[in-house]
Amino acid sequence: MAEYTDPREFGGDEAAVDMPELSDGDDDDDIGNDEEQWQWAEEDEEDSRPANVTCLFCDRLLSSVPATLQHCAAEHQVNLVDVIRKHHLDDYGYLKMINFIRSTKCDASGLTGLPDASLPWESEEFLRPVLQDDPLLQTDPEELCEDSSLSMCPSSGAKSHDALQQRAQAAEERARSSEEALTRAMDDLHKLKLLAQGLVLNAEAGRPGNPGAVAELREDEDEAYFSSYGHYSIHEEMLKDKVRTESYRDFMYRNPEVFKDKVVLDVGCGTGILAMFAARAGAKQVIAVDQSEIIYQAMDIVRSNKLEDKITLIKGRIEDLKLPVEKVDVIISEWMGYFLLFESMLDSVLYARDLYLADGGSVYPDLCNISLAAVGNAQKHQDHIAFWDDVYGFNMACMKKAVVPEAMVEVVKEDTLISEPAVIQTFDCNRVCLSELEFASDFSLKIKNTTDCTAIVGYFDIFFDKGCGNKVMFSTGPLATKTHWKQTVFLLERPVSVQAGEELRGKITVRKNKKDPRSLWVTFDLGDRKQTYSLQ
Ligand code: SAH
């Protein structure tokens, strides 16, 4: 399916137009980006920065967070990293500690010998920043603990290798649990925000608040998604994608036995093109459902082609409707998004399958692969990443932290591929269940050239296979004819040098963005590098 243009136009932000904004004003904020933003800039950038970090215990201004911590250790004999570790402070604990010190102006000696059980900064009031734009509050305590220069601060003394390793493990453990806690907290916040917005909306409408408010809001968000499909242009783009549309057509026309005298359900019919192919292929009845306004055009189109006796068009979300039949023999749908799963429309197809598909019935397309390959394109990397090092003579390197985590949708040139492709996931739409659409998979890419790997490219292949005498497939990969899905490119911040013949091993994790289940988080672990990308 074509991708709706800019989800930010109608996801959280459109909701913000219609509803009072109750918490954060920027729905694009996400955990991945926050993580990135919390990393302080690299050391060579720090030297040239103005002194803007106020010491916790005196009035001295320092040029960076690490410099401030080193100053605290040398001048005030307090190693904050030790305090963070000793009390196992998570992100919140750390924030509260900083605000506690600043608001109570406590003496450095007051931080030593505190009992673990009751810390003086436990109150939520210490979440409130004391200084505006305090760089210490924008710092990830985990990063501080990992910074070896800070572990070696005078008050700590030199640490043995073993001790450092233990610290690294403990930090990793803490990072994991903080990440989980943060994700839970973000989810809770989001739910609260929806609830609060629902209450306000209900109050405005003179209705009492009700528990359905959250569901209503979800629907509001979806309304924006569906309204993007109301415009003709997105359908024009899909119909003009010959690889896509002709594959569906060829599958139906070349396998009439699959359709002859069958009841077919088209989930998300758009202009009705797939429903009409199915009718021409011999279906007895086609029920075509779409929630977007485009269905009114489909009604005219179906009539213009004298197929109204065969095709029943119903406006609505498949999840909200009661179909005029108990069961269907075949389900067809074009639900694929960028990197296959973006847009999460497969969820709706699985819903329809589980409710309406007769025993022995089939969903088409039935098989889908997601593949990865390594890319070596120094020029592209330069254009997107190194570019920020010198912009009209100014250093904008901090922008890289915003650029890298956004996966790019673009066509990858064949001659920039530097590995064999590897399939990392296969779905059978007749069997897969919802929970399997979030997954983790180890991969190994066989490198063909000795060069720098600058990105990983992802794409998918689609198969019409089950029970087909004439099987049909298409690929959205860089070796195949271009489709409107192009490819999805995950840029590496620092290129990895690779040797011909080596296996580049890694792990990919794909999960839904809980704040916006139609968008995805994709995490790559490549040896010592880990990067989460959003696909919005
Ligand atoms: N089948 C058409 C359109 C595909 S685009 C074609 O191949 O050209 C996907 C369509 O599915 C959009 O028109 C969208 O409005 C619709 N859609 C997505 N989720 C849906 C749902 N849950 N219920 C009904 N329609 C849905």
Side-chain angles (χ1 to χ4, degrees), residues 1-5 7 10-11 215 218-253 264-281 283 286-299 301-302 305 307 311-323 328 330-338 340-356 363-365 429 434 437 462 464 472 474 476 483-485 516-519:
M1 125 191 74
E3 297 305 329
Y4 50 93
T5 42
F10 48 81
R218 267 268 176 271
E219 278 168 29
D220 281 353
E221 282 176 10
D222 254 10
E223 228 176 87
Y225 162 78
F226 287 117
S227 79
S228 72
Y229 276 112
H231 196 264
Y232 76 88
S233 58
I234 199 163
H235 295 278
E236 181 176 351
E237 185 190 20
M238 288 187 287
L239 294 169
K240 285 182 173 166
D241 181 340
K242 283 191 170 192
V243 172
R244 176 202 91 111
T245 312
E246 289 184 356
S247 297
Y248 276 85
R249 182 198 65 189
D250 293 350
F251 148 64
M252 292 192 243
Y253 287 1
V264 176
L265 170 62
D266 178 358
V267 179
C269 62
T271 52
I273 184 73
L274 306 186
M276 294 190 293
F277 286 151
R280 286 253 164 96
V286 185
I287 297 160
V289 173
D290 206 299
Q291 162 73 339
S292 103
E293 307 265 308
I294 194 70
I295 196 150
Y296 300 122
Q297 302 283 0
M299 289 171 183
I301 293 169
V302 163
N305 291 281
L307 287 168
I311 300 176
T312 309
L313 290 148
I314 305 175
K315 180 167 188 307
R317 278 177 83 238
I318 187 74
E319 292 86 346
D320 302 338
L321 292 171
K322 187 162 174 5
L323 293 189
V328 301
V330 176
I331 294 179
I332 49 173
S333 183
E334 199 279 79
W335 51 266
M336 294 82 78
Y338 296 137
L340 189 69
L341 296 176
F342 178 69
E343 227 177 302
S344 291
M345 195 187 146
L346 180 55
D347 297 17
S348 303
V349 176
L350 301 190
Y351 171 88
R353 178 197 69 187
D354 295 342
L355 199 59
Y356 294 115
V363 177
Y364 294 102
C429 298
L434 208 54
L437 303 184
I462 294 295
F464 301 89
V472 173
F474 69 93
T476 66
T483 69
H484 76 282
W485 289 286
D516 171 12
R518 289 201 183 270
S519 77

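Remember, it's 1-based here, ligands and their atoms both numbered in the order they're listed.
- Annotation: Phe464 is in aromatic contact with Tyr248 [ring centroid separation under 6.0 Å].
- Taking a cut-off of under 4.0 Å to the non-hydrogen atoms of Gly316, the atoms of ligand 1 that pass are 23 (N), 24 (C).
- The distance criterion of under 3.5 Å between nitrogen or oxygen atoms is not met by Arg518 with respect to ligand 1.
- Taking a 6.0 Å sphere around CZ of Arg280, one finds it holds 12 or fewer heavy atoms contributed by other residues, nucleotides or ligands.
- Here the CD1 atom belonging to Ile331 is positioned 10.0 Å from the OH atom belonging to Tyr356, to the nearest 0.5 angstrom.
- Annotation: the span from Leu265 atom CG to Arg353 atom CZ amounts to 13.0 Å, rounded to 0.5 Å.
- The contact set between ligand 1 and Arg317, taken as ligand atoms under 4.0 Å from a residue heavy atom, comprises 23 (N), 24 (C).
- Between the side chain of Arg244 and the backbone N or O of Met238 there is at least one donor-acceptor pair closer than 3.5 Å.
- For ligand 1, the polar-atom distance check finds an N/O of Ser348 within less than 3.5 Å of one of the ligand's N/O atoms.
- Listed by atom number, the atoms of ligand 1 under 4.0 Å from Arg244 heavy atoms are 6 (C), 7 (O), 8 (O).
- With values rounded to the nearest 0.5 angstrom, Asp266 atom CG is found 12.0 Å from Thr312 atom OG1.
- The side chain of Leu274, and not its backbone, has at least one atom closer than 4.0 Å to an atom of ligand 1 (non-hydrogen atoms only; side chain from C-beta on).
- Remark: ligand 1 atoms within the under-4.0 Å shell around heavy atoms of Ile273 are 6 (C), 7 (O), 8 (O).
- Side-chain contact between Leu350 and Leu437 is present, with at least one heavy-atom pair separated by less than 4.5 Å.
- The residue Ser333 has no part lying near ligand 1, judged by heavy-atom distances below 4.0 Å.
- Shown in contact with His235 at under 4.0 Å from a heavy atom are these atoms of ligand 1, numbered in order with element: 13 (O).
- Ligand 1 has no nitrogen or oxygen under 3.5 angstrom from a nitrogen or oxygen of Tyr229.
- Side-chain contact, Gln297 with Thr271: no donor N or O sits under 3.5 Å from an acceptor N or O.
- Under 4.0 angstrom from ligand 1, the non-hydrogen atoms of Met345 all belong to its side chain.
- Atoms of ligand 1 lying under 4.0 Å from any heavy atom of Glu334, numbered from 1 in the order shown and given with element: 4 (C), 7 (O), 9 (C).
- In the model, Tyr225 has no side-chain atom that pairs as donor or acceptor with a side-chain atom of Gln291 under 3.5 Å.
- Residue His235 holds its NE2 atom at 9.5 Å from CD1 of Ile301, rounded to the nearest 0.5 Å.
- Heavy-atom proximity to atom 25 (N) of ligand 1, evaluated over Lys315, Glu343, Met238, Gln291, is greatest for Gln291.
- Contacts of Tyr248 with ligand 1, taken as heavy-atom pairs under 4.0 Å, are absent altogether.
- Contact annotation for Tyr225 and ligand 1: only side-chain heavy atoms (C-beta onward) come within less than 4.0 Å of the ligand.
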